[in-house]
Amino acid sequence: MGVVNLTPDSFSDPVRLTEPQAAIDVALRMVEDGADILDLGGESTRPGAEPVSAAEELQRLLPVIEGLKDCGRPLSIDTRKPEVMREVLAAGADMINDIAGFAEAGAVEAVAASACGLCVMHMKGEPQTMQQAPAYDDVVSEVEEFLLGRVEALTAAGVSPARIVIDPGIGFGKDTRHNLLLLEALDELVGLGQAILVGVSRKSLIGELTGRPVDRRLAGSLAAALASVARGARIVRVHDVAETCDALKVWQAIDQAGG
Ligand code: HH2
């Protein structure tokens, strides 16, 4: 899954894709580079980010959806606003990626009647404050419980489980140890029966482990992507699509050489 942030303030992108055509070009390049899904975001969720209005988010998203809807890859929209979910689905989006796990009022209803894919992510707290001393008794069981609860809420509203992927939400209200415990325990999350998505690309976790700034976290991000897939992740959300595809190809060839 290639990340296309249509925001002026994402933590991860040196290039600001606020012009629709620039974002469309970057996304098409990701498709050429091997992305199976494109994830478009109109609101930054980095720690400390300021929320934006639904109107602003839609203004960023709709022209890019229009430009990409025939690109041959599913378009995922990273949003937690039910109003935005409804509008982007009407405009042709294929998947909704909600960092709040469809827990906000109206979110389940906004997606239940469509046939779109859903990514349910765990976040503790809100982006503005979530990295201020996050605490858990047992991070893995707390995240598991939340994800299961949201899957149950969605299926109770008529959503087929086959439409749902779950995501432990690396960096969303978690310190380095919490993030590492969750990644190490991914195979436990696999036991919940839903496909798993992991987003670690360029995140502070990589910075903390390597001492590198955002623009020098590629090698660390590739290692995290491979470790996630080795533990059962089915989708990795990344900024560096070509490099991640190469790393996965080599790893898979070795992994499957014995048949
Ligand atoms: N991480 C970010 C945003 N959305 N969605 C899912 N499902 N999983 C993630 O790990 C995830 C996500 C944060 O990364 P990025 O989009 O690069 O930054 P920003 O939120 O500042 O735009």
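Quantities reported herein were computed from a predicted structural model and do not represent experimental measurements. All ligand and atom numbering here is 1-based and tracks the order in the structure.
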Counting each atom of ligand 1 from 1 as listed, which ones have a heavy atom of [X] under 4.0 Å away?
X      : value
Cys119 : 7 (N)
Lys203 : 1 (N), 9 (C), 10 (O), 11 (C), 13 (C)
Asn5   : 15 (P), 16 (O), 17 (O), 18 (O), 22 (O)
Ile99  : 4 (N), 5 (N), 12 (C)

| Cationic N near anionic O, under 4.0 Å, Glu208 to Arg177 | no
| remark: Among His122, Arg237, Arg46, closest by heavy atom to atom 16 (O) of ligand 1 is Arg237
| request: Go through Phe172 and His122 one step at a time and tell me if the ring-ring contact (aromatic ring centres under 6.0 Å, His included) criterion holds. | output: CA-CA 7 Å; Phe172 286 86; His122 174 271; 9.4 Å; no
| Connected-component partners of Leu222 among ILVMFWY, side-chain separation under 4.5 Å | Leu218
| Apart from Ile37 itself, what residues make up its hydrophobic cluster when side-chain heavy atoms of I, L, V, M, F, W and Y under 4.5 Å apart count as a link, directly or indirectly? | Met1, Met95, Val165, Leu197, Ile235
| query | Looking only at N/O atoms, are Glu43 and ligand 1 under 3.5 Å apart anywhere? | reply | no
| query | Among Arg202, Arg29, Arg217, Arg216, which one satisfies salt bridge (charged side-chain N to carboxylate O under 4.0 Å, His left out) with Asp240? | reply | Arg202
Test of understanding: given a 4.0 Å heavy-atom threshold, classify the contact between [X] and ligand 1 as side chain, backbone, both, or neither.
X      : result
Asp39  : neither
Ser44  : both
Thr45  : both
Arg202 : neither
Met121 : side chain

| said: For Gly41, state whether at least one heavy atom is located under 4.0 Å from any atom of ligand 1. | reply: no
| request: Check whether the side chains of Thr79 and Glu43 place a donor and an acceptor atom closer than 3.5 Å, and report yes or no. | output: no
